[in-house]
There are 4 protein chains.
Amino acid sequence: MSDMMDTLRNEKNMTPKQIDILRAAVELIAEKGYYNTSTSEIADRAGVAEGTIFRHYRTKKDLLVAIVTPVISNFSAPLFAEQFVAQVFREAYATFKELLYAFIKNRFEFAQSNVPLIRILLQELAFHPEIQTVYKQQFSEKVYPALNQAIDFYKQKGELKDMPNETIIRTIVSTILGFMMTRFMLKPDQNWDDEAEIKQTIDIMMDGLGKV
Amino acid sequence: MSDMMDTLRNEKNMTPKQIDILRAAVELIAEKGYYNTSTSEIADRAGVAEGTIFRHYRTKKDLLVAIVTPVISNFSAPLFAEQFVAQVFREAYATFKELLYAFIKNRFEFAQSNVPLIRILLQELAFHPEIQTVYKQQFSEKVYPALNQAIDFYKQKGELKDMPNETIIRTIVSTILGFMMTRFMLKPDQNWDDEAEIKQTIDIMMDGLGKV
Amino acid sequence: MSDMMDTLRNEKNMTPKQIDILRAAVELIAEKGYYNTSTSEIADRAGVAEGTIFRHYRTKKDLLVAIVTPVISNFSAPLFAEQFVAQVFREAYATFKELLYAFIKNRFEFAQSNVPLIRILLQELAFHPEIQTVYKQQFSEKVYPALNQAIDFYKQKGELKDMPNETIIRTIVSTILGFMMTRFMLKPDQNWDDEAEIKQTIDIMMDGLGKV
Amino acid sequence: MSDMMDTLRNEKNMTPKQIDILRAAVELIAEKGYYNTSTSEIADRAGVAEGTIFRHYRTKKDLLVAIVTPVISNFSAPLFAEQFVAQVFREAYATFKELLYAFIKNRFEFAQSNVPLIRILLQELAFHPEIQTVYKQQFSEKVYPALNQAIDFYKQKGELKDMPNETIIRTIVSTILGFMMTRFMLKPDQNWDDEAEIKQTIDIMMDGLGKV
DNA sequence: GATGAATGAGCGTTCATTCAT
DNA sequence: GATGAATGAACGCTCATTCAT
């Protein structure tokens, strides 16, 4: 949980009450959804007067955006900018499989620490243009180009089948998202051998997408 | 659209007004979400008095359930009961790949005719226990057992890798859902060669899940 | 009071509750001002649920406009269009003084029956652009042109001093308004000999503005 | 503007911040009215913390009273006490017309320098008993008696018609107020020949009220 | 003296639901 | 069966005021 608040604390200085508000809002919205959570409930759980919420966030929607924006940024952070692409080209990963493994491990841990945040993102994305804007920009400007370059690179090395990058990306994203949603949201209480499951999932993807 | 109303008309006899209400509700809820759609808006668009809605549906929630329940039933209908499993055992499909193809083609067409309904299901599932109950029951009692039996069958025939059925199912469902959501909801306006895309997707799944 | 409601009922069909709401709103706003009157108070006094107000008036401001607009129209109604000017030219009034007398008598009675409405108009005009718009349009398109034509007419007949029409109008309006506000708002409880006071006021204006 | 602050600075010693607060409050309240101006806005414009306002004025209403009271005092100051009446009896003004001219010139200049303050007084008088009390006391104890004595004096000299003093006062006040409100508030941007307009207005009053 | 975070009562408004017609 | 006026609880939000620093 403290981990989760780190994701949100990307901002400069927050008062303790502001942190309480964020934490309460995340808990309630993750559990019941944005429209089923009233600002008075959030204030109650945060141990704060309702007006205090609006001192820190102009509107309830602003509060939601303050929760969701850092998740979008952080989730795709590893793909950012030169860092990621540079590593690929510097051959930091011997194979695409190794890259995939490193990537999934890293994002798996992030997801694990931020389940409520990611749940909110997934649940509310459909309803709030404000979030969609942030998401689309992040995806089209950061995530997609980075993945695209990496895939081109490994295609040239002959490691990936000759099919549209978009299909490859869609398959990878669907598979990873499907795994993580099952793992953390649908059946979090099942006994999971995470390491085995990740490896299994990567094997499937590599067999499906990789060249023999 | 008439197709979509067929999906909903599974019920007994509906008056024309009731159909108008359902159609209006589907359009509005698909576009703006359940909580952003008021019953007065629905009544307006349906050309009906607000009270009339409550003559047919006790509550607004009931109306939502009336929309979503048939989608859940119909989407998994082909997997229902003996029919599907019987066909598998009767070797109606020469290979798992053929089964997959038949299944996806069929569900693709259903999805195409019911985009707004499916959008509503996916968007609202997270927020309404009433829907979750229906969904879980349908999945655990119908979908999962059917898929399970089929997968066991093809495993014995040596067509599928030796991995947990749950992993196989999760991969298939994720990949198909990822494809259909991209196709119909995220990028519906892109130029799609549906037949090629479906075949491509099946090839990936077969390479990933199938035995060489 | 029933007279006052006539002024407001210019609209088509109003339900009894809507009339109750208007009456309550007029009473409270006249007494305490728009910003000191809450919609819940209005609902209470009208014997109506608060929501009922918003069924008839989209916003609180709309309610105010519904009160004030008819007052503006009705107060200047006698000056409207051809009727008034035509009468002047047809020499329905032998002298300017007679015209003034007829006009003041008539408006005096209107004011007497609509004190709360006029109080609201005068009090709120300064704060609500919505009202100002209606007022300015009415004054510049109806009131001012009518007075202007009438004054020109009596100037040519040699009954009025040669001074700018605007000065004449300002003097007349100030004097009449000053009288009526004193009579009905500042000292309504003083013993007034209305007929004498009106005649006196007209004499003053005629001596001040008329040619010897 | 510095002139306007002089009107308000009648009080003891004011810190620079207090002056900033007053100035900001006057600007905002004159423009938007008391109820449309929040203390936080005033603090913002004054460059002061919100709490600072309440260090100098116990309540927001106190702040309003601090603005409006000096206007009331100053506007009627020339009529104050013995000074004015003594001058009249000492025959400092040859005629009532001269008195009127001196009075109007003087008050015109005061009004010109204090438009925002007077606007606030006129706009808010109706809504705040605290202001009404100050106003009534000032008028009934200072303004009215002074005017009354002066009018009696000139009546005895045969310069004024024989009509109730109250009617005379009402006419004068209405005419002057009507002129000044038109000049400074309704049409401040029109081209005005102030000297001519004042003389014209006095001529009208004298013809209307004076004996031939 | 000055600050500004915190308060909480109160506001205007929405909307699912009821019910007399 | 259908209507739509009426309801009232609940909501997001504002703002004058307080008080620890």
Side-chain angles (χ1 to χ4, degrees), chain A residues 14-18 20-21 34-43 46-63, chain B residues 15-18 21 34-44 46-64, chain C residues 14-18 20-21 34-43 46-63, chain D residues 15-18 21 34-44 46-64:
Chain A
M14 294 186 2
T15 73
K17 300 236 168 196
Q18 193 169 357
D20 292 342
I21 291 168
Y34 177 80
Y35 292 109
N36 285 315
T37 303
S38 70
T39 50
S40 83
E41 263 178 306
I42 295 171
V48 142
E50 199 170 353
T52 306
I53 293 177
F54 294 94
R55 171 157 284 284
H56 295 288
Y57 304 95
R58 269 189 345 90
T59 64
K60 188 188 174 193
K61 188 65 76 74
D62 278 6
L63 173 56
Chain B
T15 72
K17 299 231 170 200
Q18 194 168 358
I21 291 169
Y34 177 80
Y35 291 107
N36 287 315
T37 303
S38 69
T39 50
S40 82
E41 260 179 307
I42 296 171
D44 269 8
V48 143
E50 205 169 350
T52 308
I53 292 177
F54 292 90
R55 179 152 289 287
H56 294 288
Y57 305 94
R58 261 190 353 90
T59 64
K60 188 187 173 193
K61 190 65 77 74
D62 279 5
L63 173 57
L64 177 65
Chain C
M14 294 185 2
T15 73
K17 300 237 168 195
Q18 192 169 359
D20 292 342
I21 290 168
Y34 178 80
Y35 291 108
N36 284 315
T37 303
S38 70
T39 51
S40 83
E41 263 179 305
I42 295 171
V48 142
E50 200 169 354
T52 307
I53 293 178
F54 294 93
R55 170 157 284 284
H56 295 288
Y57 304 95
R58 270 189 345 90
T59 65
K60 189 188 173 194
K61 188 65 77 71
D62 278 6
L63 173 57
Chain D
T15 72
K17 300 232 168 198
Q18 194 168 358
I21 291 169
Y34 177 80
Y35 291 107
N36 287 315
T37 303
S38 68
T39 50
S40 83
E41 260 179 308
I42 295 172
D44 268 8
V48 143
E50 205 169 350
T52 307
I53 293 177
F54 292 91
R55 179 152 289 287
H56 294 287
Y57 304 95
R58 263 193 347 93
T59 65
K60 188 188 174 192
K61 189 64 78 72
D62 279 5
L63 173 56
L64 177 65

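Numbers restart at 1 for each chain; the letters A, B, ... are given by sequence-line order, proteins then strands. If you're wondering where the values come from, they're calculated on a predicted model, not measured in any experiment.
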Rounding to a whole Å, what distance do you find between [X]:[atom1] and [N]:[atom2]?
{"X": "C:Tyr35", "N": "E:dG12", "atom1": "OH", "atom2": "C1'", "result": "13 Å"}
{"X": "A:Lys61", "N": "F:dC13", "atom1": "NZ", "atom2": "P", "result": "10 Å"}
{"X": "D:Ile21", "N": "E:dG1", "atom1": "CD1", "atom2": "C1'", "result": "11 Å"}
{"X": "D:Tyr34", "N": "F:dA16", "atom1": "OH", "atom2": "C1'", "result": "9 Å"}
{"X": "A:Leu63", "N": "F:dC11", "atom1": "CG", "atom2": "C1'", "result": "15 Å"}
{"X": "C:Lys60", "N": "E:dT14", "atom1": "NZ", "atom2": "P", "result": "15 Å"}

(message) Could you measure the distance from the CG atom of C:Asp62 to the NE2 atom of C:His56? Nearest 0.5 Å is fine.
(response)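 Answer for the CG-NE2 pair, C:Asp62 versus C:His56, is 13.5 Å.
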
(request) Answer yes if the side chains of B:Glu50 and B:Thr39 hold a donor-acceptor pair under 3.5 Å, and no otherwise. (result)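 Note: B:Glu50 and B:Thr39 side chains meet the donor-acceptor criterion.
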
(request) Spell out, as yes or no, whether a donor-acceptor pair under 3.5 Å connects the side chain of D:Tyr57 to the backbone of D:Leu64. (result)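 Absent.
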
(message) I want to confirm an ordering. Mapping C:Arg58 and C:Glu41 to their closest nucleotides on DNA chain E, which one lands closer to the 5' end?
(response)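 On the 5' side of the pair lies C:Glu41.
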
(request) Indicate whether OP1 or OP2 belonging to E:dA16 is found under 4.0 Å from a side-chain N or O atom of B:Thr59. (result)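 So the side chain of B:Thr59 is outside the cut-off, no N or O lying under 4.0 Å from OP1 or OP2 of E:dA16.
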
(message) With a 4.0 Å limit, can you tell me whether D:Thr39 has a side-chain N or O closer than that to the phosphate oxygens OP1/OP2 of F:dA16?
(response)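 Looking at the OP1 and OP2 atoms of F:dA16, one of them is under 4.0 Å from a side-chain N or O of D:Thr39.
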
(message) With each end axis built from five pairs of C1' atoms, what bend angle do you get for the helix from E:dA2-F:dT21 to E:dT21-F:dA2? Round to 10°.
(response)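 Both end axes considered, the difference amounts to 10°.
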
Check nucleotides 3-7 of chain F for protein N or O atoms closer than 3.5 Å to its own N or O atoms and list the pairs.
from, atom 1, to, atom 2, distance (Å)
F:dT3, OP1, B:Lys17, NZ, 3.1
F:dT3, OP2, B:Ala49, N, 3.2
F:dT3, OP2, B:Thr52, OG1, 2.5
F:dG4, N7, B:Gly51, N, 3.2
F:dA5, OP2, C:Arg55, NH1, 3.4
F:dA6, OP2, C:His56, NE2, 2.9
F:dA6, N7, C:Arg55, NE, 2.8
F:dT7, OP1, C:Lys17, NZ, 3.2
F:dT7, OP2, C:Ala49, N, 3.0
F:dT7, OP2, C:Thr52, OG1, 2.5

(message) If you compare all heavy atoms of C:Asn36 against all heavy atoms of C:Glu41, which two are closest, and at what distance to 0.1 Å?
(response)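 Shortest heavy-atom contact: O-OE1, 3.6 Å.
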
(request) Return the set of residues passing ring pair (Phe, Tyr, Trp, His ring centres under 6.0 Å) with B:Phe54 (not counting sequence neighbours), or none when no residue passes. (result)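 If we apply the ring pair (Phe, Tyr, Trp, His ring centres under 6.0 Å) test to B:Phe54, skipping adjacent residues, there are no hits.
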
(request) Compare the minimum distances between each of E:dA16, F:dG12, F:dC15 and the side chain of B:Phe54, then state the nucleotide with the smallest one. (result)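 In terms of side-chain proximity for B:Phe54, the closest of E:dA16, F:dG12, F:dC15 is E:dA16.
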
